Amino acid sequence: MIVTLTPRSSARFPATALPEHCQGPALQHLISPQVASWSMYPTLCKGDRLELGPAEALHAGDLVVFRKPAGLVCHRLVARQDNLLLTKGDASSGPPEHVRIDDVLGIVVAVVRGSTRAIVADLTTLAPPPPWARLLDRVTITLHEQIRWFAWQFVRSVLLHPRIGTFVARQITRCATIERFGSSPVHSLNALEPSSGQGPPLHLPPLLDIRFGPFYLGIFNQ
C-alpha cells in the first residue's frame with residue numbers, strides 16, 4: 001500500500017536541512033501520510049490518514065511505515081529475521097516481503113478517517129467505506145493500466161520507426177532524469193539498530209529512479 005506525504009501547512013523544507021533531533025517531530029506533526037490503496041483493507045482504507053510514532057520496539061502485528069522506491073508503504077509486521085523485517089498487507093494473499101530496518105520510518109499509532117480519529121487498538125470503531133468504493137477504484141486502476149499499455153505500445157512503435165525513432169529517442173534521453181535511491185534521510189523515528197552478533201550488515205545494490213519530466217517511468221535495479 002503506497003502512501004503519499006501531504007503537508008498540513010504550506011511549510012516545505014528538505015528533511016536533511018533540519019537538525020537530527022527535529023526530524024522525528026517534523027515527520028510526526030507537520031506531515032500526514034495518506035493511504036493510497038486497498039492493500040491493508042479492512043484494517044485501513046484508501047484515503048485514511050496515518051499518525052506515526054517512533055519504532056522504538058516492534059512487535060508482530062504492528063503497522064509499519066517504510067520507504068520503497070516508489071514512495072512509502074504501510075504494511076503489517078509479520079516477523080523479524082536478523083536485520084530484515086517481514087511485512088505483508090492484510091488484503092494480500094502472497095508471501096511476506098523483506099524490508100530493511102534502515103528503511104523503517106515509524107509505526108502507525110492512530111488513523112483518521114473522514115472526521116473521526118481512532119487509535120490503532122480501536123480501529124474497528126471507524127465507519128467502513130461505501131461498498132462500491134473498492135469496485136470503482138479497481139475499475140479506475142484497470143482503465144489506467146490499459147491506457148499506460150497502449151501508450152507504451154505507441155512510444156515503442158515510434159522509437160522503432162526508421163526515420164523519427166532516433167530523434168525521439170534522443171529527446172527522451174535528454175529530458176529523462178535519473179535519481180539514485182538511497183536510505184531515508186529521516187532517522188529520528190527509526191530507533192531500530194541491527195543487533196550485534198546477528199551477522200554482517202545487509203548491503204543491497206543501489207536503485208535508480210527514472211522519470212520523464214513529472215512522469216514516473218520505473219526503477220532500475222543494478
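Keep in mind that this is a model prediction, so the values were computed, not measured. The first residue of the sequence shown is numbered 1, and numbering continues consecutively from there.
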*Any side-chain heavy atom of Leu63 within less than 4.5 Å of one from Met40?*
yes
*Evaluate the side-chain proximity of Leu44 to Val111: yes if any heavy-atom separation is below 4.5 Å, no if none is.*
yes
*State, yes or no, whether a side-chain contact exists between Ile101 and Arg80 at a heavy-atom distance under 4.5 Å.*
yes
*Can you find a heavy atom in the side chain of Asp122 that is under 4.5 Å from one in the side chain of Ile119?*
yes
*Taking all atoms of both residues into account, what is the closest heavy-atom pair of Cys74 and Val108, and its distance?*
SG-CG2, 3.7 Å
*Following the transitive rule for hydrophobic clusters with a side-chain heavy-atom cut-off under 4.5 Å over Ile, Leu, Val, Met, Phe, Trp and Tyr, establish whether Leu86 and Phe66 coincide in one cluster.*
no
_Residues, nucleotides or ligands: over 12 heavy atoms within 6.0 Å of Gln153 CD_ = yes
*With distance as the sole test, does Arg113 use its side chain to make a donor-acceptor pair with the main-chain N or O of Ala127 at under 3.5 Å?*
yes
*For the student: nearest non-hydrogen atoms of Ile107 and Ala55, plus distance*: CG2-CB, 4.2 Å
*Would you say the side chain of Lys88 lies within less than 4.5 Å of the side chain of His75, judging by non-hydrogen atoms?*
no
*Kindly indicate whether the side chain of Tyr41, heavy atoms from C-beta on, has any atom under 4.5 Å from the side chain of Pro128.*
no
*Take atom CZ of Arg117 as the centre, draw a 6.0 Å sphere, and report whether it contains more than 12 heavy atoms from other residues, nucleotides or ligands.*
yes
_Candidate pair Asp90 and Arg76, rule salt bridge (Lys or Arg N to Asp or Glu O under 4.0 Å), full reasoning_ = CA-CA 7 Å; Asp90 288 359; Arg76 189 177 299 277; 2.8 Å; yes
_In the structure I gave you, are the side-chain heavy atoms of Val64 and Val99 within less than 4.5 Å of one another anywhere?_
no
*Given Asp103 and Arg100, is the salt bridge (Lys or Arg N to Asp or Glu O under 4.0 Å) satisfied, shown in steps?*
CA-CA 5 Å; Asp103 290 330; Arg100 294 182 298 180; 3.1 Å; yes
